Amino acid sequence: MGGKVRIVFWGSERESYVTSNMLILAVYLACRRGYRIAILELAEEAHGVRTFFGRKRGTYAQNYIWTLIERQLYYIALDEWEQSADERITDLLSNLESNMDMVFINLANRMDGEARRLMHNAHLTIVNLKQEQRAFDNYYALYANLASENFLLLMGNYYYDKGYDKEYMQAKYRIPEWQLAVIPNNPEFEMACAKKCVDRYIYKSGKAWRTERKNQFLKDVERSAEQLCEALFRRNDM
């Protein structure tokens, strides 16, 4: 993939599923693709990602590093990060990038100067949009210049039988096939979140865990993960 990468997840609306989309892709890429990923929460309001990372990894001296999938998926608890007076988020990011394959940054609802800087310098910006024409109109009218030059649009909680489907959005806004991804609505995954077994739902493939909904869900998540990786390759080719 051409080196360690920094990926920003952003959305301007509270119900644009930034956090859940990020968690789904992080767990999938860690469980199914073997990437080492760290998640950094920089949203204005905590959105509950940490609740899925209930176990601290004892082999790390730093007590601010939590894990969901041992040696694969981590969460950085900034409220426990005791930085020195001259240490900044940029220093922490540099340290993470030297040890991880990917660093996911949650910037849900933020539009301040720091958020703009992080998005501009990201290897990839994932712009999370609701499945509504208004959401796309607002993004292109107000926020399109916020993302890095390399970006991927992502609709979470996606319904295939809803009028504003992927094909409609692609045609109306002239979005290339590779630049618009979806994460489908899935009550089973929401239940896995409630039971704190997100990793098991994604990873387990035995008969007891296999349902028609899960099979379709994982196919769609796999395609979105492929689009994320394709977007990174495209950046390297530029």
Side-chain angles (χ1 to χ4, degrees), residues 1-2 5-26 28-29 42-45 47 102 104-186 189-190 216-238:
M1 192 168 291
V5 298
R6 183 186 306 181
I7 301 175
V8 164
F9 286 75
W10 177 83
S12 64
E13 299 181 87
R14 293 187 181 278
E15 295 182 2
S16 51
Y17 303 95
V18 179
T19 302
S20 61
N21 291 343
M22 179 183 66
L23 181 63
I24 289 168
L25 288 171
Y28 181 87
L29 287 166
L42 292 177
E44 288 187 346
E45 298 179 9
H47 287 73
M102 299 179 180
F104 283 6
I105 305 173
N106 187 358
L107 287 177
N109 312 127
R110 280 188 58 174
M111 288 173 282
D112 56 27
E114 178 70 2
R116 290 171 182 266
R117 184 188 65 79
L118 287 167
M119 279 193 276
H120 179 74
N121 293 325
H123 296 91
L124 176 65
T125 300
I126 309 290
V127 178
N128 299 262
L129 298 169
K130 296 168 69 174
Q131 191 178 357
E132 299 175 355
Q133 183 170 319
R134 177 187 60 81
F136 280 74
D137 286 342
N138 286 346
Y139 168 70
Y140 282 109
L142 303 173
Y143 307 118
N145 64 334
L146 285 179
S148 61
E149 291 184 7
N150 194 35
F151 68 93
L152 178 69
L153 303 177
L154 178 61
M155 285 191 285
N157 198 39
Y158 179 79
Y159 288 86
Y160 280 95
D161 56 354
K162 196 170 182 178
Y164 300 116
D165 61 13
K166 182 179 179 180
E167 289 71 24
Y168 175 85
M169 295 301 191
Q170 285 175 330
K172 179 173 178 58
Y173 298 96
R174 299 180 180 178
I175 304 170
E177 167 69 24
W178 61 269
Q179 205 165 37
L180 179 59
V182 301
I183 299 290
N185 169 269
N186 184 1
F189 185 82
E190 293 173 6
Q216 185 58 52
F217 176 72
L218 288 181
K219 286 180 182 177
D220 291 327
V221 171
E222 179 180 25
R223 176 55 188 149
S224 293
E226 287 175 354
Q227 288 178 258
L228 181 155
C229 294
E230 287 170 6
L232 290 172
F233 280 121
R234 283 176 179 274
R235 179 187 184 278
N236 290 337
D237 291 338
M238 288 178 179

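Just so we're clear, the structure is a prediction, and the values are computed from it rather than from any experiment.
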Nearest-0.5 Å distance, [atom1] of residue [X] to [atom2] of residue [Y]:
| X | Y | atom1 | atom2 | value |
| --- | --- | --- | --- | --- |
| Thr19 | Phe9 | OG1 | CZ | 10.0 Å |
| Glu226 | Glu230 | CD | CD | 6.5 Å |
| Asn186 | Ser20 | CG | OG | 11.0 Å |
| Leu154 | Ile183 | CG | CD1 | 5.5 Å |

Please find the pair of heavy atoms, one from [X] and one from [Y], that lie closest to each other, and give the distance.
| X | Y | answer |
| --- | --- | --- |
| Leu228 | Phe104 | CD1-CZ, 4.5 Å |
| Ser16 | Asn21 | O-ND2, 3.8 Å |
| Gln131 | Asn157 | OE1-O, 4.1 Å |
| Trp178 | Leu152 | O-CD1, 3.3 Å |
| Ala115 | Leu107 | O-CD1, 3.9 Å |
| Asn150 | Ala231 | ND2-O, 2.9 Å |

Any side-chain heavy-atom pair of [X] and [Y] under 4.5 Å:
| X | Y | value |
| --- | --- | --- |
| Met111 | Met119 | no |
| Asn138 | Lys130 | no |
| Glu15 | Glu132 | no |
| Ile7 | Met22 | no |
| Phe189 | Val221 | no |
| Leu153 | Leu129 | yes |
| Asp220 | Tyr158 | no |

So does Lys162 have more than 12 non-hydrogen atoms from other groups sitting under 6.0 Å from NZ?
->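 Result for NZ/Lys162: enclosed.
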
Is the number of heavy atoms from other residues, nucleotides or ligands under 6.0 Å of Gln133 CD greater than 12?
->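 Enclosed.
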
Ignoring hydrogens and angles, tell me if any N or O in the side chain of Asn109 forms a donor-acceptor pair with the backbone of Ala43 under 3.5 Å.
->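 Side chain of Asn109 to backbone of Ala43: no pair is present.
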
Flag, side chain of Trp10 to backbone of Arg110, donor-acceptor distance under 3.5 Å |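 Confirmed, Trp10 side chain pairs with Arg110 backbone.
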
Side-chain donor-acceptor contact under 3.5 Å, Tyr159 with Asn185 =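 Short answer, yes.
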
Ile126, Leu180, Ile24, Leu25 screened by side chain to side chain contact (heavy atoms under 4.5 Å, CB included) with Ser224, the one that passes |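 Of the listed residues Ile126, Leu180, Ile24, Leu25, the side chain to side chain contact (heavy atoms under 4.5 Å, CB included) partner of Ser224 is Leu25.
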
Residue pair Glu114, Arg117: steps toward the salt bridge (Lys or Arg N to Asp or Glu O under 4.0 Å) verdict | CA-CA 5 Å; Glu114 178 70 2; Arg117 184 188 65 79; 2.8 Å; yes

Sole candidate of Tyr139, Tyr140, Tyr168, Tyr164 that passes ring pair (Phe, Tyr, Trp, His ring centres under 6.0 Å) when paired with Tyr173 =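 The passing option is Tyr140.
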
